[in-house]
**Student:** 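This is the structure I have questions about; it appears just below.
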Amino acid sequence: MPDQSAEVPAKRRRRTRQETESDLLDAALRLLERDGALAGITLREVAKEAGVNHGQIYQYFGDRQTLLRAAIGRILDTTSLKAQSHWDKPFIERRRAMLRYALERTEPLRLEALLALDGVPELTLFPELARTKEALERDRREGAIPEDADGLVMHAMTAATYMGYCIFRESLARDLCLEPEELDERAEAVYDRMLQGLITGAGEPGRRRT
C-alpha cells in the first residue's frame with residue numbers, strides 16, 4: 001500500500017493580476033538589459049521569461065508599445081532625481097544634473113528609444129514641459145541665458161546629447177578603447193564646454209570662431 005504519511009505537494013497559489021503584470025514588467029526589463037534595446041523584444045518572449053501564459057500578456061497589455069510604456073512608467077515611479085531642487089538651479093546646472101541622472105538610470109532612455117523606433121505617436125520626452133518653460137523664462141530674466149536665446153531648442157538639443165550618449169555609451173567606449181568610467185569623465189567635461197558655448201554664443205548662429 002502507498003505510504004499515506006507521504007506529504008502531499010501544496011497547490012501552487014494563483015497569481016493576482018497585479019502580481020502577473022509586475023512579473024511581466026520585470027521580465028521585459030531583464031530582457032532589455034540582457035539583449036539590448038535594438039535587439040527588440042516580443043510579447044511572447046516576455047511571457048516566456050515571466051513564466052506566464054502568452055495569452056495573458058496580450059490580455060493585459062495588448063501590444064508591445066503598451067508594455068514598453070508601462071515599463072517606462074514602472075521605472076520612473078520608483079526612481080527620482082537625487083536633487084529635486086535642480087529646478088531651482090540655472091540652465092547649465094540643470095543640464096549637468098540631468099546628464100548625471102541619465103548616466104545612473106539608462107533603462108528609461110533605452111525603452112524610449114524602442115518606442116521612437118516603433119513610431120509611437122504618444123511618446124513624450126518632456127513630460128514636464130510647462131515647468132521647463134517656466135525655468136527658461138526665469139533663466140532669461142536672471143541672465144542665466146541670453147535674452148535672445150532659443151531656450152526651448154537649447155533644452156531639446158542638450159537633452160538629445162545626453163540621451164544619445166547614454167544609449168550608445170558602451171559602444172562608444174569600445175570604439176574609443178576607453179573604460180566607460182573614463183569616457184564618462186571626459187564626456188562630462190566636453191558637455192560642460194558645450195553648455196558654456198551655448199550661453200556665450202547664443203544668438204550668433206552665423207558667427208565664425210578664429
**Student:** Between the side chains of Asp63 and Tyr58, does any donor sit under 3.5 Å from an acceptor?
**Tutor:**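 There is no such pair between these side chains.
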**Student:** To the nearest 0.5 angstrom, please state how far the CD atom of Glu112 sits from the CD1 atom of Ile167.
**Tutor:** 8.0 Å
**Student:** Evaluate the ring pair (Phe, Tyr, Trp, His ring centres under 6.0 Å) criterion for residues His155 and Phe126: first the C-alpha distance (whole Å), next the side-chain angles of each, then the deciding distance (0.1 Å), finally the verdict.
**Tutor:** CA-CA 10 Å; His155 177 84; Phe126 305 131; 4.8 Å; yes
**Student:** Looking at Arg96 and Glu188, is any side-chain nitrogen of the basic one under 4.0 Å from a carboxylate oxygen of the acidic one?
**Tutor:** no
**Student:** Salt bridge or not for Arg138 and Asp88, using N-O below 4.0 Å?
**Tutor:**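 Looking at Arg138 and Asp88, the cut-off is not met.
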**Student:** So how far is it from Asp184 CG to Glu179 CD, rounded to the nearest 0.5 Å?
**Tutor:**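 Reported value, rounded in 0.5 Å steps: 11.0 Å.
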**Student:** Using modelled atom types only, decide if a donor and an acceptor are shared between the side chain of Arg94 and the backbone of Trp87 within a distance under 3.5 Å.
**Tutor:**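 Flag not set: sc Arg94 to bb Trp87 has no pair under 3.5 Å.
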**Student:** Within a strict 4.5 Å, meaning less than it, do heavy atoms of the Val46 and Leu67 side chains meet?
**Tutor:**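 SC-SC contact between Val46 and Leu67 confirmed.
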**Student:** Return yes if some donor-acceptor pair links the side-chain N/O of Glu19 with the main-chain N/O of Thr16 below 3.5 Å, else return no.
**Tutor:**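 It does hold such a pair.
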**Student:** Can you find a pair of side-chain heavy atoms, one from Thr161 and one from Leu99, that are under 4.5 Å apart?
**Tutor:** no
**Student:** Using the side chain to side chain contact (heavy atoms under 4.5 Å, CB included) rule, pick out the option among Thr66, Leu24, Ile57 that qualifies with Leu43.
**Tutor:** Ile57
**Student:** Taking the side chain as every heavy atom from C-beta outward, state whether Thr106 and Arg169 have any atom pair closer than 4.5 Å.
**Tutor:**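 Counting from C-beta outward, Thr106 and Arg169 never come under 4.5 Å.
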**Student:** Check step by step if side-chain contact (heavy atoms from CB on, under 4.5 Å) holds for Leu178 and Arg186.
**Tutor:** CA-CA 10 Å; Leu178 296 172; Arg186 293 168 66 173; 3.6 Å; yes
**Student:** How about Glu182: does its CD atom have over 12 heavy atoms from other parts shown lying under 6.0 Å from it?
**Tutor:** yes
**Student:** Nearest 0.5 Å, what's the CE-CE distance between Met194 and Met157?
**Tutor:**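 Result: 8.0 Å between the selected atoms.
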**Student:** Please find the pair of heavy atoms, one from Cys166 and one from Leu109, that lie closest to each other, and give the distance.
**Tutor:**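 Shortest heavy-atom separation between Cys166 and Leu109 comes out as CB-CD1, 3.7 Å.
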**Student:** Got a sec: does the CD of Glu147 have more than 12 other heavy atoms crowding it under 6.0 Å?
**Tutor:**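 At most 12 heavy atoms, drawn from other residues, nucleotides or ligands, come within 6.0 Å of this atom.
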**Student:** Do you know the tightest heavy-atom contact between Ile145 and Leu136?
**Tutor:** CD1-O, 3.9 Å
**Student:** What's the shortest heavy-atom distance between Leu25 and Ala70, and which atoms?
**Tutor:** CD2-CB, 3.8 Å
**Student:** Mind checking the NZ-CG spacing from Lys48 to Asn53? Nearest 0.5 Å is all I need.
**Tutor:**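 Between Lys48 NZ and Asn53 CG, I get 14.0 Å after rounding to 0.5 Å.
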**Student:** Are Glu137 and Arg141 ion-paired here, with the side-chain N under 4.0 Å from a carboxylate O?
**Tutor:**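 Not counted as a salt bridge, because no side-chain N and carboxylate O are separated by less than 4.0 Å.
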**Student:** Could you measure the distance from the CZ atom of Arg174 to the CG atom of Leu183? Nearest 0.5 Å is fine.
**Tutor:**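 Going from CZ on Arg174 over to CG on Leu183, the span is 11.5 Å.
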**Student:** Arg140 side chain to Ala149 main-chain N or O, any donor-acceptor pair under 3.5 Å?
**Tutor:**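 At least one qualifying donor-acceptor pair exists.
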**Student:** Given side chains that start at C-beta, do those of Leu195 and Phe91 come closer than 4.5 Å, heavy atoms only?
**Tutor:** yes
**Student:** Using 0.5 Å steps for rounding, measure from the CZ atom of Arg100 to the OH atom of Tyr191.
**Tutor:** 10.5 Å
**Student:** Does the side chain of Leu125 come within less than 4.5 Å of Met163's, by heavy atoms?
**Tutor:**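 Sidechains of Leu125 and Met163: in contact.
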**Student:** Mind listing the closest non-hydrogen atom pair of His86 and Ala97 along with its distance?
**Tutor:** CB-CB, 4.1 Å
**Student:** Are the side chain of Thr158 and the backbone of Met154 linked by a donor-acceptor contact shorter than 3.5 Å?
**Tutor:**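 Indeed, once roles are kept as given, a pair shorter than 3.5 Å links the two residues.
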**Student:** Does any non-hydrogen side-chain atom of Tyr165 lie less than 4.5 Å from one of Leu103?
**Tutor:** yes
